[in-house]
Amino acid sequence: MIACVFTLGCKLNEVESASLAQGLKERGYDVIYYPAYADLYILNTCAVTKEAERKSRQAVTRLRRYNPAAKIIVCGCASQHDPKAFAKNDALVYGTAHKGDILESLTKSGIVLGTEEAFSPMPAPARAGTRAFLRVQDGCNRFCSYCLIPYLRGRSRSRRADEIVNEAKACSAKEIVLTGIDLSSYRDGETDLCGLVEKLKDVPARFRFGSLEAGVIDERLLETMRAAENFTEHFHLSLQSGSNAVLRAMNRKYTREEFLEKCALIYQFFPEAAITTDVIVGFPTETEEDFLQTVDLAEKVGFSRVHIFPYSPREGTNAAKLPDLSAEVKHDRADRLRRITVEIATRYIEKYIGREVEVLFEDLGGYTRNYIRVYADGAREGELCRVRLIRPFGDGAKGEIIG
């Protein structure tokens, strides 16, 4: 029996899909992760944008073509948002809640929606080789004005710290990425994010956070990370806009000045840190001046990588009630910011040309501790090597292995 587990969306979806795949393997299935003939399909969907939802709906039709008689199970944010759009052809629709129960329901059909108040257990993913993503938190309490996720994923809830430590030790990966919808809100009793870093300091792997909010950055967290030594010098801080007026309209709980202060604090503790971010351009209230403030902030921080998204209105959010900007304006600003941030990222990489760095190689390339993508001839997956960086190359740098 062949099962296809096909995933759209965020890293947390990928982690959950890996858990489902492991459960299927334990039940005797051969598992593939790309659209092809299979006896069972599990589709993990995304609703962060209208385009993501459209692709999720199209994926059901696409998978059905490979085997019209196969069972299809749909889960994730898009199916939570619009379950009827997926409840066709005897599909089983699960939404975001109780994904751990999916494997006990392979013969059922219909819509099974719900909400979760506690952290939902799922099968442990297979033992990892190079890099593993470890799910430590789910849900969100922030209610940014443009975002549906708190309505679809539910309130913030955290995994028990002892379970996280045990899974980190068992997965045997050389690098572990801690993931969640709002990782900054992690709390297990008295253990907050800083306490989790302390508990993971003796795990023989290097760690990085998937994404953090600026508000969680303080001297206590940074000092704990520095003392632990196995946490990398890479911080993904969600920005969304460099304009205070837009941040207020987005219901983001910081100012541009506070964001810059947090970045300065990171550089104080980790002078060679990489700071990456997400930016939404073309929010309904964003003026050209607001956009230029985002450009200015990007220059001041010196981001090593920026993910740029044109604003996508989501029905049911407060921002969707505002008059939308034209697609031309949104795409123009996205293109302009993309060109500028590529130049900023290249300047960051150029600082390391000629230097020796530690690189953990994966399939086609690898990453330094501060998240520079490195390509080197002769590199093999899973190797941790000393590499001299030669020149900027593609989305990173070309290097030569020296040890």
Side-chain angles (χ1 to χ4, degrees), residues 48-49 51 144 146-147 210-214 217 233-250 252 254-267 270-313 319 324-353 355 365 367-368 370-375 389-398:
V48 71
T49 63
E51 179 67 10
C144 298
Y146 53 82
C147 186
S211 180
L212 296 174
E213 292 291 320
I217 301 296
E233 301 88 343
H234 170 221
F235 297 81
H236 187 87
L237 298 186
S238 296
L239 171 62
Q240 309 309 357
S241 176
S243 160
N244 285 336
V246 175
L247 289 172
R248 285 193 298 272
M250 288 179 166
R252 301 289 288 174
Y254 52 84
T255 65
R256 64 176 277 123
E257 292 78 16
E258 289 167 344
F259 191 95
L260 287 167
E261 288 173 5
K262 299 296 186 177
C263 293
L265 190 61
I266 289 171
Y267 289 136
F270 298 96
E272 298 188 343
I275 302 178
T276 58
T277 197
D278 303 309
V279 171
I280 296 173
V281 296
F283 187 78
T285 64
E286 183 185 75
T287 65
E288 178 67 12
E289 177 58 31
D290 292 325
F291 170 73
L292 293 177
Q293 288 182 34
T294 298
V295 173
D296 176 71
L297 190 147
E299 291 277 6
K300 284 183 166 65
V301 174
F303 292 118
S304 65
R305 187 169 299 186
V306 180
H307 301 288
I308 301 166
F309 304 92
Y311 169 74
S312 174
D324 198 12
L325 299 182
S326 70
E328 290 78 13
V329 168
K330 288 189 280 189
H331 290 139
D332 173 68
R333 290 177 184 171
D335 289 341
R336 287 156 60 195
L337 184 60
R338 192 171 291 113
R339 290 194 297 270
I340 292 165
T341 55
V342 166
E343 293 176 2
I344 295 170
T346 300
R347 291 201 296 268
Y348 179 82
I349 291 169
E350 286 174 343
K351 294 190 299 184
Y352 296 89
I353 300 304
R355 292 178 53 178
Y367 287 96
T368 64
N370 57 345
Y371 210 59
I372 296 174
R373 180 78 160 160
V374 177
Y375 302 88
L389 300 188
I390 302 171
R391 58 185 170 86
F393 179 80
D395 60 346
K398 189 76 173 179

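We count residues from 1, following the sequence as given. In this text, all values refer to a predicted model and were calculated from it rather than measured experimentally.
Partners of Glu261 under the salt bridge (charged side-chain N to carboxylate O under 4.0 Å, His left out) rule, at least two apart in sequence or in another chain, do not exist in this structure. Every residue meeting the side-chain contact (heavy atoms from CB on, under 4.5 Å) condition with Asp335, not counting sequence neighbours, appears here in chain and number order: Arg338, Arg339. Applying the side-chain contact (heavy atoms from CB on, under 4.5 Å) rule to Ser304 yields the partners Ala274, Thr276, Tyr348; only residues at least two apart in sequence or on another chain are considered. Partners of Arg373 under the salt bridge (charged side-chain N to carboxylate O under 4.0 Å, His left out) rule, at least two apart in sequence or in another chain, do not exist in this structure. Take Arg248 and apply the side chain to side chain donor-acceptor pair (under 3.5 Å) test, not counting sequence neighbours, and it matches no residue. Looking at residues two or more places apart in sequence or on another chain, you find a side-chain contact (heavy atoms from CB on, under 4.5 Å) between Ile390 and Glu400. Applying the side chain to side chain donor-acceptor pair (under 3.5 Å) criterion to Glu233, with sequence neighbours excluded, gives Arg369. The salt bridge (charged side-chain N to carboxylate O under 4.0 Å, His left out) test applied to Lys262 returns no partner, not counting sequence neighbours. Here Glu288 pairs with Phe291, Leu292, Arg333, Arg336 under the side-chain contact (heavy atoms from CB on, under 4.5 Å) rule; sequence neighbours left out. Partners of Glu258 by salt bridge (charged side-chain N to carboxylate O under 4.0 Å, His left out), not counting sequence neighbours: none found. Listed by chain and residue number, Arg355 satisfy the side chain to side chain donor-acceptor pair (under 3.5 Å) test with Glu272 (two or more places apart in sequence, or in another chain). Remark: Lys351 engages no residue in a side chain to side chain donor-acceptor pair (under 3.5 Å) (not counting sequence neighbours).
Pairing each heavy atom of Cys263 with each of Leu237, the nearest pair is SG-CD1, 4.2 Å. Residues Leu325 and Gly282 approach most closely at CD1-O, 3.7 Å, considering heavy atoms. Between Gly242 and Thr294 the shortest heavy-atom distance is N-OG1, 2.8 Å. Considering all non-hydrogen atoms of both residues, Leu247 and Leu239 come closest at CD2-O, 3.7 Å. Closest approach of Tyr375 and Phe393 over heavy atoms only: CD1-CD2, 3.6 Å.
At least one side-chain heavy atom of Asp278 sits less than 4.5 Å from a side-chain heavy atom of His236. Side-chain contact check for Thr287 versus Asp290: some heavy-atom pair is nearer than 4.5 Å. Within the 4.5 Å cutoff, the side chain of Ser241 has heavy atoms near those of the Met250 side chain. Contact check for Ser238 versus Arg252: side-chain heavy atoms found under the 4.5 Å cut-off. Proximity of Val301 to Tyr267: side-chain heavy atoms (C-beta onward) are separated by under 4.5 Å at one or more points. In this structure, Tyr146 and Ile280 have side chains that are in contact, with non-hydrogen atoms separated by less than 4.5 Å. Looking at Ile340 and Glu299, their side chains come closer than 4.5 Å, going by heavy atoms from C-beta outward.
The one candidate from Thr341, Val279, Thr277 that meets the side-chain contact (heavy atoms from CB on, under 4.5 Å) condition with Phe303 is Thr277.
Classified by interplanar angle (parallel below 30°, tilted 30° to 60°, perpendicular above 60°), the ring pair Tyr254/Phe259 is tilted. The aromatic rings of Phe235 and Phe270 sit tilted, their planes meeting at an angle between 30° and 60°.
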**Item:** side-chain contact (heavy atoms from CB on, under 4.5 Å) evaluation trace for Gln293 with Val246
**Value:** CA-CA 10 Å; Gln293 288 182 34; Val246 175; over 6 Å; no
**Request:** Check step by step if side-chain contact (heavy atoms from CB on, under 4.5 Å) holds for His234 and Arg305.
**Result:** CA-CA 11 Å; His234 170 221; Arg305 187 169 299 186; over 6 Å; no
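Rounding to the nearest 0.5 Å gives a distance of 8.0 Å between CZ of Phe309 and CD of Gln240. In this structure, Leu212 CG and Ile217 CD1 are separated by 5.0 Å, a value rounded to the nearest 0.5 Å. Ile344 CD1 to Leu337 CG: the interatomic distance, rounded to the nearest 0.5 Å, is 7.5 Å.
Glu286 and Lys330 are not joined by a salt bridge, as no carboxylate oxygen comes within less than 4.0 angstrom of a charged side-chain nitrogen.
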